[in-house]
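Notes follow the structure.
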Amino acid sequence: MVGLGLPLLASPRVAQANDFADCTSSLVGNGLEAKAAASACSRALHPTQVGDCVAQLSGLEVKPEELLAVCSQDRRPAELASCVTTIYDQVEVPSLSGLLDHCRRSVLPQRYADCVVGTVAAAQITTTESMALCIAAGDRPADLAPTFIFAQ
């Protein structure tokens, strides 16, 4: 209805036509076939982030198809790319595929990267051990009063 005087609610930015073109061009420029690139970009909520993620990781010795699979499956492709590059640049990484998978599985990729880098340095453990410990970490409630437990 017109004239209700209701303010327009701001909606989150959604992809626009040129975002899909930018994404597709970026993926093709990084070695992916045009159809695969177009398909991945057409399914992405934020296609430029998917293209940027693949572009940022393209210097790694990983097939572009694997990078696309990882970047397009993550809800935060920009953070995923940051996670991978942070860990890769700061500690010795035995397996790029394992690193990509761990950063993809993490709910908070940048926090995960900080955990891996920090624990490797401070505890002097291997990157593999640190990646396993940090992926298992989670938010656990602390200092809860036991009053929420019902008496029987």
Side-chain angles (χ1 to χ4, degrees), residues 9-146 148-149:
L9 298 177
S11 61
R13 185 184 180 285
V14 294
Q16 297 178 354
N18 57 351
D19 292 344
F20 295 101
D22 292 345
C23 173
T24 304
S25 296
S26 176
L27 294 178
V28 169
N30 283 296
L32 287 150
E33 293 182 12
K35 281 190 176 187
S39 176
C41 293
S42 70
R43 290 177 290 171
L45 179 61
H46 301 287
T48 53
Q49 288 186 18
V50 173
D52 291 348
C53 177
V54 172
Q56 188 174 346
L57 299 176
S58 65
L60 302 175
E61 294 180 17
V62 179
K63 293 179 182 179
E65 295 80 13
E66 186 177 350
L67 293 177
L68 177 60
V70 170
C71 290
S72 62
Q73 291 175 5
D74 198 85
R75 63 186 151 261
R76 293 184 172 126
E79 278 192 45
L80 171 114
S82 178
C83 174
V84 172
T85 56
T86 297
I87 295 171
Y88 186 79
D89 290 344
Q90 295 187 33
V91 296
E92 185 177 329
V93 177
S95 165
L96 282 173
S97 293
L99 174 59
L100 289 167
D101 184 54
H102 277 78
C103 283
R104 182 192 59 78
R105 290 189 303 142
S106 175
V107 175
L108 299 169
Q110 191 54 55
R111 182 174 169 88
Y112 175 74
D114 293 341
C115 178
V116 171
V117 171
T119 56
V120 166
Q124 298 179 346
I125 58 176
T126 68
T127 305
T128 303
E129 290 171 315
S130 177
M131 288 171 43
L133 290 170
C134 292
I135 201 70
D139 287 332
R140 293 182 181 90
D143 300 325
L144 289 177
F148 68 90
I149 300 173

Fill in: Counterpart residues, side-chain hydrogen bond (donor to acceptor under 3.5 Å, both in side chains), relative to S130 (two or more places apart)
T119
Worksheet item: What's the spacing between C53 SG and L80 CG if we round to 0.5 Å?
Response: 4.5 Å
Worksheet item: Is the closest side-chain heavy-atom distance between C41 and V50 below 4.5 Å?
Response: no
Discussion item. Please list all pairs meeting salt bridge (Lys or Arg N to Asp or Glu O under 4.0 Å) that have one or both residues in residues 76-88, counting only residues at least two apart or in different chains.
Written reply: R76-E79
Discussion item. Run the salt bridge (Lys or Arg N to Asp or Glu O under 4.0 Å) test against D114 and tell me which residues pass, sequence neighbours left out.
Written reply: none
Fill in: Residues that R104 engages under side-chain hydrogen bond (donor to acceptor under 3.5 Å, both in side chains), provided they are two or more places apart
D101
Worksheet item: For M131, does its backbone N or O pair with a side-chain atom of Y112 as donor and acceptor, under 3.5 Å?
Response: yes
Discussion item. My understanding is that only residues two or more places apart in sequence, or in another chain, count here; which of them pass side-chain contact (heavy atoms from CB on, under 4.5 Å) with S82?
Written reply: T86, Q110
Item to complete: Could you tell me whether a side-chain N or O of T127 sits under 3.5 Å from a main-chain N or O of E92, the two making a donor and an acceptor?
Response: yes
Worksheet item: Are any non-hydrogen side-chain atoms of F20 and T48 less than 4.5 angstrom apart?
Response: no
Discussion item. A40: which residues meet the side-chain contact (heavy atoms from CB on, under 4.5 Å) condition with it, sequence neighbours left out?
Written reply: L27, R43, L68
Discussion item. Nearest 0.5 angstrom please: L57 CG to L99 CG, how far?
Written reply: 9.0 Å
Worksheet entry | L67 CG to L100 CG distance, which is reported to the nearest 0.5 Å | 6.0 Å
Worksheet, complete the sentence: R75 meets the salt bridge (Lys or Arg N to Asp or Glu O under 4.0 Å) criterion, sequence neighbours left out, with none
Item to complete: Enter the distance from C23:SG to Q49:CD here, rounded to the nearest 0.5 Å.
Response: 10.5 Å
Practice prompt. Please identify each residue that fulfils side-chain hydrogen bond (donor to acceptor under 3.5 Å, both in side chains) with E129, with sequence neighbours left out.
Written response: T126
Fill in: V117 versus V91, closest heavy-atom pair with distance
CA-CG1, 4.4 Å
Discussion item. What I'd like to find out is whether the side chain of L133 reaches to under 4.5 Å of the side chain of V116, using heavy atoms alone.
Written reply: no
Worksheet entry | V84 vs V70 side-chain heavy atoms within contact, under 4.5 Å | no
Fill in: Sequence neighbours excluded - side chain to side chain donor-acceptor pair (under 3.5 Å) pairs with any residue from residues 61-71
E66-S97
Practice prompt. Answer yes or no: is there a side-chain heavy-atom contact under 4.5 Å between D22 and P47?
Written response: no
Worksheet item: Got a sec, which pairs hit side chain to side chain donor-acceptor pair (under 3.5 Å) with one end in residues 25-36, sequence neighbours left out?
Response: N30-S58
